[in-house]
Peer 1: 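Structure provided below as structure tokens; questions to follow.
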Amino acid sequence: MKIILEHATEILLLLFMSITFLQSGLDKITDWSGNISWLKDHFAKTPLKNIVPFMVGTVLITEVVAGFLCLAGIYLLVSENDATIGFYGAVLACVTLLMLLFGQRVAKDYEGAKTIAVYFIPAIFLVFLLQ
């Protein structure tokens with residue numbers, strides 16, 4: 001119990017990242033065609049228009065891996081007081097968010113980019129706490 005109290009902030013942020021990225025990945029898996037269709041329209045007037053399925057697949061993989069690393073990070077932080085895996089999850093979460101931000105900026109979806117910035121703040125804070 002003491003370790004949980006000592007690392008409550010890190011655990012809560014790792015849980016936040018796990019929920020965020022695993023749910024997003026699950027959404028892409030369960031509605032692949034809907035996501036592809038929407039994003040093809042979203043990127044229709046950009047240089048990225050022909051690689052939408054590749055981009056979605058890449059983001060899907062990084063989201064799911066980041067989510068599972070953050071989940072495993074909670075377990076290892078609590079059971080072994082080891083933050084390494086959680087740190088890798090947090091870094092990958094930041095990289096994933098930067099990929100999403102890049103896409104939103106290229107698509108000139110500035111409101112969407114602002115939303116991603118809201119997620120980036122706790123993610124980069126988590127990297128800071130775990131390093």
Side-chain angles (χ1 to χ4, degrees):
M1 185 66 169
K2 182 180 177 194
I3 195 84
I4 293 172
L5 296 175
E6 289 174 356
H7 296 288
T9 304
E10 295 94 327
I11 292 166
L12 290 168
L13 286 169
L14 284 164
L15 188 57
F16 177 83
M17 294 297 141
S18 296
I19 292 167
T20 299
F21 287 106
L22 291 175
Q23 184 281 323
S24 184
L26 183 62
D27 176 61
K28 285 174 183 61
I29 292 167
T30 59
D31 188 21
W32 177 263
S33 59
N35 277 282
I36 296 297
S37 176
W38 185 83
L39 288 166
K40 279 186 176 181
D41 184 54
H42 192 65
F43 289 107
K45 297 177 182 176
T46 74
L48 304 175
K49 66 184 173 207
N50 295 322
I51 61 167
V52 168
F54 173 76
M55 290 188 313
V56 175
T58 302
V59 168
L60 167 63
I61 291 166
T62 60
E63 285 177 335
V64 171
V65 172
F68 278 120
L69 286 173
C70 288
L71 205 56
I74 294 169
Y75 173 76
L76 290 169
L77 188 58
V78 171
S79 66
E80 299 179 23
N81 198 25
D82 184 357
T84 307
I85 298 299
F87 173 76
Y88 292 146
V91 169
L92 188 56
C94 286
V95 169
T96 303
L97 290 166
L98 290 171
M99 288 190 294
L100 293 169
L101 177 68
F102 174 78
Q104 296 293 56
R105 297 292 298 190
V106 168
K108 297 183 181 177
D109 181 356
Y110 302 115
E111 288 303 312
K114 281 190 224 176
T115 301
I116 293 166
V118 169
Y119 287 95
F120 191 75
I121 294 166
I124 200 69
F125 184 58
L126 181 57
V127 169
F128 173 76
L129 290 175
L130 294 175
Q131 67 183 346

Peer 1: L130 and L14: side-chain contact (heavy atoms from CB on, under 4.5 Å), yes or no, with the steps?
Peer 2: CA-CA 10 Å; L130 294 175; L14 284 164; 4.1 Å; yes
Peer 1: Where is the tightest heavy-atom contact between A90 and C70, given as atom of each residue plus distance?
Peer 2: N-SG, 4.0 Å
Peer 1: Where do V106 and P47 come nearest, in terms of heavy atoms and distance?
Peer 2: CG1-CD, 4.3 Å
Peer 1: Can you name the side-chain contact (heavy atoms from CB on, under 4.5 Å) partners of E6, sequence neighbours left out?
Peer 2: K2, I3
Peer 1: Is there side-chain contact between F102 and L48, with heavy atoms separated by less than 4.5 Å?
Peer 2: yes
Peer 1: If we only count heavy atoms from C-beta on, is the Y75 to I85 side-chain gap below 4.5 Å?
Peer 2: no
Peer 1: Are I11 and L77 side-chain neighbours, meaning at least one heavy-atom pair lies under 4.5 Å?
Peer 2: yes
Peer 1: Using 0.5 Å steps for rounding, measure from the CG atom of L97 to the CZ atom of F120.
Peer 2: 7.0 Å
Peer 1: Any heavy-atom pair between the side chains of N35 and L60 that's under 4.5 Å?
Peer 2: no
Peer 1: Do the side chain of S18 and the main chain of L71 share a donor and acceptor less than 3.5 angstrom apart?
Peer 2: yes
Peer 1: A44 and K49: which non-hydrogen atoms are nearest, and at how many Å?
Peer 2: O-CD, 3.3 Å
Peer 1: Are I124 and L12 connected in a single hydrophobic cluster, I mean Ile/Leu/Val/Met/Phe/Trp/Tyr linked by side-chain heavy atoms less than 4.5 Å apart?
Peer 2: no
Peer 1: Within this structure, what is the CD1-CE distance for the pair I116 and M99, rounded to the nearest 0.5 Å?
Peer 2: 11.0 Å
Peer 1: Report yes if the side chains of F21 and T62 come closer than 4.5 Å at any heavy-atom pair, otherwise no.
Peer 2: no
Peer 1: Give the minimum heavy-atom separation between W32 and G57, together with the two atoms involved.
Peer 2: CH2-N, 3.7 Å
Peer 1: Above 12 or not: heavy atoms from other molecules or residues under 6.0 Å from CZ of F68?
Peer 2: no
Peer 1: Can you list the residues that meet the side-chain contact (heavy atoms from CB on, under 4.5 Å) rule with L26, with sequence neighbours excluded?
Peer 2: T30
Peer 1: Counting only heavy atoms from other residues, nucleotides and ligands, does the tally under 6.0 Å from CZ of F54 exceed 12?
Peer 2: no
Peer 1: side-chain contact (heavy atoms from CB on, under 4.5 Å) for Y119 and T20? Distances and angles first, verdict last.
Peer 2: CA-CA 9 Å; Y119 287 95; T20 299; 3.8 Å; yes
Peer 1: Counting only heavy atoms not in F87 (residues, nucleotides, ligands), do more than 12 fall under 6.0 Å from its CZ?
Peer 2: yes
Peer 1: Applying the 4.5 Å side-chain criterion to the ILVMFWY set and letting contacts propagate, would L15 and L126 be lumped into a single cluster?
Peer 2: yes
Peer 1: How far does CD1 of I36 sit from CG of L39, to the nearest 0.5 angstrom?
Peer 2: 6.5 Å
Peer 1: If I compare all heavy atoms of M17 with all of P122, which pair ends up nearest, and what's the gap?
Peer 2: CE-C, 3.9 Å
Peer 1: So if I apply the side chain to side chain donor-acceptor pair (under 3.5 Å) rule between Q104 and each of H42, K114, E111, which one comes out positive?
Peer 2: H42
Peer 1: Is there a side-chain contact between F43 and I51 in this structure, where contact means two heavy atoms from C-beta onward sitting under 4.5 Å apart?
Peer 2: no
Peer 1: Any side-chain to backbone donor/acceptor pair from T96 onto L92? Under 3.5 Å, distance only.
Peer 2: yes
Peer 1: The test is side-chain contact (heavy atoms from CB on, under 4.5 Å); show your working for I121 and F125 and say whether it passes.
Peer 2: CA-CA 6 Å; I121 294 166; F125 184 58; 5.6 Å; no
Peer 1: Linking I/L/V/M/F/W/Y whenever any side-chain heavy atoms sit under 4.5 Å apart, do F128 and L13 land together?
Peer 2: yes
Peer 1: Please report the shortest heavy-atom distance between E63 and G25, naming the atom on each side.
Peer 2: OE1-N, 3.5 Å
